[in-house]
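All values derive from a computational prediction rather than experimental measurement. For ligands, and for the atoms within them, numbers begin at 1 and follow the listed sequence.
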Amino acid sequence: MNLPPAIFLDLDDTIVADSEAADACWMTVCLKRASELPEITPQALYDALLVRRDWFWSDPERHRTGRCDMKAARREIVMRTFEDQHIDDRKIALALADDYTAERHRVVYPFPRSIETLEKLRQTGIRLALLTNGDARYQRDKIARFDLEKYFECIVVESEFGVGKPDAAVFRHAVERLNVQAREVWMVGDNLAFDVLPALTLGMRGIWVDHRSRGLPEDACCTPSRTIRSIRELV
Ligand SMILES: [Mg+2]
């Protein structure tokens with residue numbers, strides 16, 4: 001497949017491995033705080049946290065506001081878990097939540113050869129935009145830590161821009177900034193609903209990054225133009 005003049009990319013779980021360490025990070029912080037919480041085992045606390053975590057992120061509106069303030073979202077998850085478990089210690093709840101935020105941030109890493117792929121795309125003359133949802137404090141830090149800014153002519157971060165994917169405004173903004181036609185653009189991301197479907201709706205090609213190699217779910221909201229396991233398959 002010939003490469004297009006412009007490619008828009010998602011960040012988390014597309015360029016950097018973000019979510020795969022989530023459960024392990026919860027266990028890390030449960031073990032770290034175990035001596036301060038004699039009333040519950042680390043495993044029981046971990047199990048309860050995952051239940052509350054899944055509950056928290058299952059609501060679209062909570063998801064939207066939560067992802068733009070991750071620290072507050074995680075504090076709420078932990079405080080509600082403590083309530084569920086009748087643990088009355090706000091100080092430790094907040095400390096554990098903040099440990100988790102720090103730990104998640106610490107373990108993020110670029111997928112193998114993903115940065116090399118951005119480099120090659122730029123060398124080929126392809127123009128790139130980065131469209132990322134979430135909290136600019138953390139998204140900008142990742143962009144800086146992995147020195148990604150130099151590859152992109154346009155970077156849209158949800159909490160700075162005011163709206164996030166799948167809102168068409170995000171994609172239209174990048175189209176205008178790069179002065180390209182939507183039909184010339186590939187949008188590449190791991191989230192079918194947030195990355196691929198809106199791109200297809202706007203006449204772009206939507207490339208799905210199936211980084212867990214799970215295949216298209218039966219109830220998928222759309223059929224991607226192409227499925228890849230890693231962005232390195234682009235070049
Ligand atoms: Mg993503």
Side-chain angles (χ1 to χ4, degrees), residues 7-25 53-54 56-58 60 62-70 73-74 101 104-105 107-115 117-118 121 128-146 148-149 151-152 154-161 163-171 173-174 185-202 204-217 220-234:
I7 298 180
F8 297 173
L9 291 120
D10 165 55
L11 177 62
D12 292 332
D13 294 331
T14 295
I15 297 172
V16 299
D18 178 63
S19 65
E20 67 185 27
D23 292 5
C25 289
R53 184 268 315 266
D54 293 347
F56 184 89
W57 295 113
S58 67
R62 238 178 359 245
H63 195 292
R64 195 185 62 74
T65 53
R67 69 182 182 243
C68 287
D69 190 347
M70 293 297 273
R74 282 149 181 170
T101 294
R104 277 293 299 272
H105 205 55
V107 301
V108 171
Y109 66 95
F111 281 124
R113 290 174 52 200
S114 66
I115 292 179
T117 300
L118 298 176
L121 289 170
L128 304 177
L130 183 69
L131 310 182
T132 178
N133 276 2
D135 188 331
R137 279 175 296 182
Y138 302 109
Q139 301 311 84
R140 286 285 175 189
D141 188 89
K142 284 180 258 186
I143 291 165
R145 198 189 325 167
F146 303 121
L148 299 178
E149 193 164 349
Y151 301 111
F152 297 99
C154 170
I155 295 178
V156 183
V157 182
E158 180 179 23
S159 76
E160 292 170 349
F161 188 66
V163 290
K165 299 172 289 183
D167 196 305
V170 173
F171 299 84
H173 175 78
V185 174
W186 290 5
M187 172 68 207
V188 181
D190 69 293
N191 190 309
L192 288 164
F194 285 18
D195 299 318
V196 179
L197 177 60
L200 295 173
T201 306
L202 290 167
M204 302 172 180
R205 281 186 187 261
I207 315 284
W208 183 45
V209 182
D210 181 15
H211 65 102
R212 294 191 175 95
S213 305
R214 286 189 180 159
L216 198 64
C221 61
C222 59
T223 306
S225 313
R226 183 180 164 192
T227 298
I228 55 179
R229 287 181 182 173
S230 154
I231 63 165
R232 65 191 191 199
E233 289 174 45
L234 293 171

Handout entry: Heavy-atom closest contact (Arg74 atom, Thr101 atom, distance)
Key =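 Shortest heavy-atom separation between Arg74 and Thr101 comes out as CD-OG1, 3.1 Å.
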Exercise for the section: On the 0 to 90° scale, with breaks at 30° and 60°, tag the Phe111-His211 ring pair as parallel, tilted or perpendicular. Expected result: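 Tilted.
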Practice task
Fit a plane to each ring of His173 and Phe161, take the angle between them on a 0 to 90° scale, and name the class: parallel (under 30°), tilted (30 to 60°) or perpendicular (over 60°).
Solution key: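 His173 vs Phe161 ring planes: tilted.
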Handout entry: Atom of Asp12 nearest the Mg ion (ligand 1) (restricted to N/O/S, atom name only)
Key =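 Asp12's closest N, O or S atom to the Mg ion (ligand 1) is named O.
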Exercise for the section: For the Mg ion (ligand 1), find the closest N/O/S atom on Asp10 and give its atom name. Expected result: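 Nearest to the Mg ion (ligand 1) within Asp10's N, O and S set: OD2.
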Exercise for the section: Using 2.8 Å as a strict upper limit, say whether an N, O or S atom of Asp13 approaches the Mg ion (ligand 1) that closely. Expected result: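 Within the cut-off used here (under 2.8 Å), Asp13 places no N, O or S atom near the Mg ion (ligand 1).
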Handout entry: the Mg ion (ligand 1) to nearest N/O/S of Asp190 less than 2.8 Å
Key =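 Coordinating: yes.
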Exercise for the section: Using a strict cut-off of less than 4.0 Å between a Lys/Arg side-chain nitrogen and an Asp/Glu carboxylate oxygen, indicate whether Arg212 and Asp190 qualify as a salt bridge. Expected result: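 Looking at Arg212 and Asp190, the cut-off is not met.
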